[in-house]
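Values below: all heavy atoms of this structure, side chains included; hydrogens, waters and symmetry mates excluded.
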Amino acid sequence: MGILKSFLRGLGLFLLVVVGIGAWLASPWYVLAVLVVLFALWLLFTRRGHQAGSVTQVGLSTLTQRIGASSVIVIGIAGVVAVLVAMLAMAEGYRETLRASGGEDSAIVLRGASAAEVMSTLDHESVNVIGQVPGIARDAQNRPLISPELVVAANLPIKGGKPGEDGSVQLRGIGEAAWAVRPEVKVVAGRKFASGRREVMAGTGAQRQFIGLQPGGQIKLGAQTWTVAGIFHSGDAMDSELWADAEVVATTYRRGSTRTSVTAKLTDAKAFKGFKAALDGDPRLDVDASTTLAYFSKQSEGMTKVIRIIGIVVGAIMALGAVFGALNTMFATVATRAREIATLRAIGFRGVPVVVAVMLETMLLALLGGLIGGLIAWLIFNGYTASTIAGGVGQLTFEFKVSPAVLWTGIKWALAIGFVGGLFPALRAAQLPVTEALRAA
């Protein structure tokens, strides 16, 4: 019967810890702030709090004598946090790059039920009808600010790749209106491509990724030789693309007069609702419209989720190792301090202050490890350039972003590892029989 009670007690504690850790990892930063304030008040204004503070001071004063064992906790947790933060920074950078490509005052129109531009086809008549829809901004000549565009996938040799190894790049055929619809795009080297010629412009991200993309360079696209006229920069997903004259791209890839999408500059963000309603209500059209912000945000969802899941799985596996390291270290610490803990218990210190002291020591070591891991990830990965497939079309170049939210997630994981690693040794210390501990010492 006693064994069953012990098993049920242990199972209940385990489930409680799992639920608590899950709630903790899902909590925002201000929850920690509230907990810290409440804990500080408990330390300052209660008898057991004073006792816990005293025991903690004694434990921390002996850390220099246990520097080797304590470093196991710090280094282990620092490694977990560094890897986790790096993976989450990758997902954050990917998501932010795509989100920066759109806004609420511009819209993109695709054929109905098309998930991405490359899967869409709009005929010439549909493009003309879209340009007449209310809500579209107009230029000084009263022309609608719309950019019918043709997106195709092309292959180019990758920098640093094996001979003959190609990567996928997104080639966007545009007209003169594209520059007015996307005023953030600037020419940073060379010049714009000439209409009617096999000339391209390369984004700065594509230039870093592929061979031959320098002004005056020659590349092969669609079995034809093209000249690189210049380099542009936009600070978003467009940086990973090649731009060329839409008519020439259509001829090269045998697309006729069709386009894959129409990007429209709206009069303001509020105009989108009426713009979409007009498109949906026109029987000549079978299209889907969304703000460019919503479109590019949706494009990032799948890959961002995959990267985050991989990061969490890898982090969880490493966290298990860090937890076992912390358990071993703190059990050893409790064993070496058995006489000290027993003496405190004998002179009137209760079990709760002892538990809190051991837990607090472990959590402080975990916090130090988390801060070190976060700093390492920030120094190495923040701003680091990488590339991956975007929207099933081409390689998207983006920068890792170690944001405060990502760092906070790493710190939460560090504290969770410290909590689990210190809980069971703390309970062991509180339950240590006083007489046995004094005799054993």
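- Trp24 has its side chain out of reach of Val19: every pair of non-hydrogen atoms, C-beta onward, lies at least 4.5 Å apart.
- With 3.5 Å as the limit, one finds a donor-acceptor pair spanning the side chains of Trp243 and Glu241.
- For the pair Arg284 and Asp282, the salt-bridge criterion is met [side-chain N within less than 4.0 Å of a carboxylate O].
- The backbone N or O of Ala115 sits less than 3.5 Å from a side-chain atom of Gln299, completing a donor-acceptor pair.
- Using a 4.5 Å heavy-atom threshold, the side chains of Leu285 and Asp280 count as separate.
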Apply the test side chain to side chain contact (heavy atoms under 4.5 Å, CB included) to residues Ile211 and Ile158: give CA-CA distance (whole Å), side-chain angles for both, the deciding distance (0.1 Å), then the verdict.
CA-CA 6 Å; Ile211 296 173; Ile158 302 174; over 6 Å; no
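- Looking only at side-chain heavy atoms (C-beta outward), Phe400 and Ile380 stay at 4.5 Å or farther from each other.
- Remark: Leu371 CG to Leu407 CG distance equals 9.5 Å, nearest 0.5 Å.
- The cationic group of Lys220 does not satisfy the cation-pi geometry with Trp226, failing either the under 6.0 Å distance to the six-membered ring centre or the 45° limit from the ring axis.
- The 12-atom threshold is not exceeded at OH of Tyr384, counting heavy atoms of other residues, nucleotides or ligands nearer than 6.0 Å.
- Between the side chains of Thr292 and Ser106, at least one donor-acceptor pair of N or O atoms lies under 3.5 Å.
- Nearest heavy-atom pair across Lys270 and Asp268 is N-OD1, 3.0 Å.
- Side-chain atoms of Thr227 and Val200, non-hydrogen and from C-beta on, never get closer than 4.5 Å to each other.
- Heavy atoms only, all atoms of each residue included: Ile411 and Gly370 are closest at CD1-C, 3.7 Å.
- Although no hydrogens or angles enter the test, the distance criterion places a donor-acceptor pair under 3.5 Å between the side chain of Asp239 and the main chain of Gly235.
- Within a 6.0 Å radius of CD in Glu125, other residues, nucleotides and ligands contribute 12 heavy atoms or fewer.
- Of the residues listed (Val83, Val80, Leu84), the one engaging Val314 in a side chain to side chain contact (heavy atoms under 4.5 Å, CB included) is Val83, and it is the only one.
- A 6.0 Å sphere centred on CZ of Phe324 holds no more than 12 heavy atoms belonging to other residues, nucleotides or ligands.
- Counting heavy atoms of neighbouring residues, nucleotides and ligands inside a 6.0 Å radius, atom CZ of Arg191 exceeds 12 of them.
- Closest non-hydrogen pair, Leu98 versus Ala237, comes out as CD2-CB, 3.7 Å.
- The line from OG1 of Thr263 to CD1 of Ile130 is 10.0 Å long, rounded to the nearest 0.5 Å.
- Looking at heavy atoms from C-beta onward, Asn128 lies out of side-chain contact with Ser126 at the 4.5 angstrom threshold.
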Could you walk me through whether Ile376 and Phe381 pass the side chain to side chain contact (heavy atoms under 4.5 Å, CB included) check?
CA-CA 8 Å; Ile376 291 173; Phe381 293 105; over 6 Å; no
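- Taking each heavy atom of Trp413 and Ala319 in turn, the nearest pair found is CZ3-CB, 4.3 Å.
- Taking the six-membered ring where tryptophan is involved, the planes of Phe398 and Tyr94 are perpendicular, since the angle between them exceeds 60° and thus also 30°.
- Defined by atom type and a distance below 3.5 Å, a donor-acceptor pair is missing between the side-chain atoms of Arg95 and Ser300.
- Scanning all heavy atoms of the two residues, the minimum distance from Val228 to Gln214 falls at CB-O, 3.4 Å.
- Residues Arg111 and Asp286 are not paired through a salt bridge, judged by the lack of any N-O separation under 4.0 Å between the basic side chain and the carboxylate.
- Note that CG of Leu156 is 9.0 Å distant from CG of Leu171, once rounded to the nearest 0.5 Å.
- Checked by atom type, the side-chain pair Gln218/Thr225 shows no donor-acceptor distance below 3.5 Å.
- Within 6.0 Å of NZ on Lys305 lie no more than 12 heavy atoms contributed by other residues, nucleotides or ligands.
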Could you walk me through whether Val152 and Val118 pass the side chain to side chain contact (heavy atoms under 4.5 Å, CB included) check?
CA-CA 6 Å; Val152 297; Val118 74; over 6 Å; no
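- Side-chain N or O atoms of Lys159 include one that pairs as donor or acceptor with a backbone N or O of Gln207 at under 3.5 Å.
- The minimum heavy-atom distance between Ala366 and Ala414, with the atom names listed, is CB-O, 3.3 Å.
- A donor-acceptor distance shorter than 3.5 angstrom exists from the side chain of Ser120 to the backbone of Thr260, with no hydrogens or angles considered.
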Show, in sequence, the C-alpha distance, side-chain angles and deciding distance for Val85 and Val402, and conclude whether the side chain to side chain contact (heavy atoms under 4.5 Å, CB included) test is met.
CA-CA 7 Å; Val85 168; Val402 184; 3.8 Å; yes
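- For the pair Glu176 and Lys192, the minimum side-chain heavy-atom distance is below 4.5 Å.
- Distance alone, capped at 3.5 Å, places no donor-acceptor pair between the Asp288 side chain and the Leu110 backbone.
- Not a single donor-acceptor pair under 3.5 Å links the side chain of Glu184 to the backbone N or O of Ser234.
- Electrostatic pairing of Arg99 and Glu301 does not count as a salt bridge here, judged by no charged N lying under 4.0 Å from a carboxylate O.
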Could you walk me through whether Thr258 and Asp123 pass the side chain to side chain donor-acceptor pair (under 3.5 Å) check?
CA-CA 5 Å; Thr258 64; Asp123 58 36; over 6 Å; no
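- The structure places CG of Leu368 at 10.0 Å from CD1 of Ile75, a figure rounded to the nearest 0.5 Å.
- The main-chain N or O of Ser27 is found under 3.5 Å from a side-chain atom of Lys412 such that the two form a donor-acceptor pair.
- Between Phe419 and Leu415 the shortest side-chain heavy-atom distance does not fall below 4.5 Å.
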Verdict with reasoning, Ser261 to Glu117, per side chain to side chain donor-acceptor pair (under 3.5 Å)
CA-CA 6 Å; Ser261 66; Glu117 287 180 275; 2.8 Å; yes
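- To the nearest 0.5 Å, atom CE of residue Met363 and atom CD1 of residue Ile417 are 11.0 Å apart.
- How far NE2 of His233 is from NZ of Lys186: 11.5 Å, rounded to the nearest 0.5 Å.
- Other residues, nucleotides and ligands place no more than 12 heavy atoms under 6.0 Å from the CD atom of Glu104.
- Between Ile146 and Ile136 the shortest side-chain heavy-atom distance falls below 4.5 Å.
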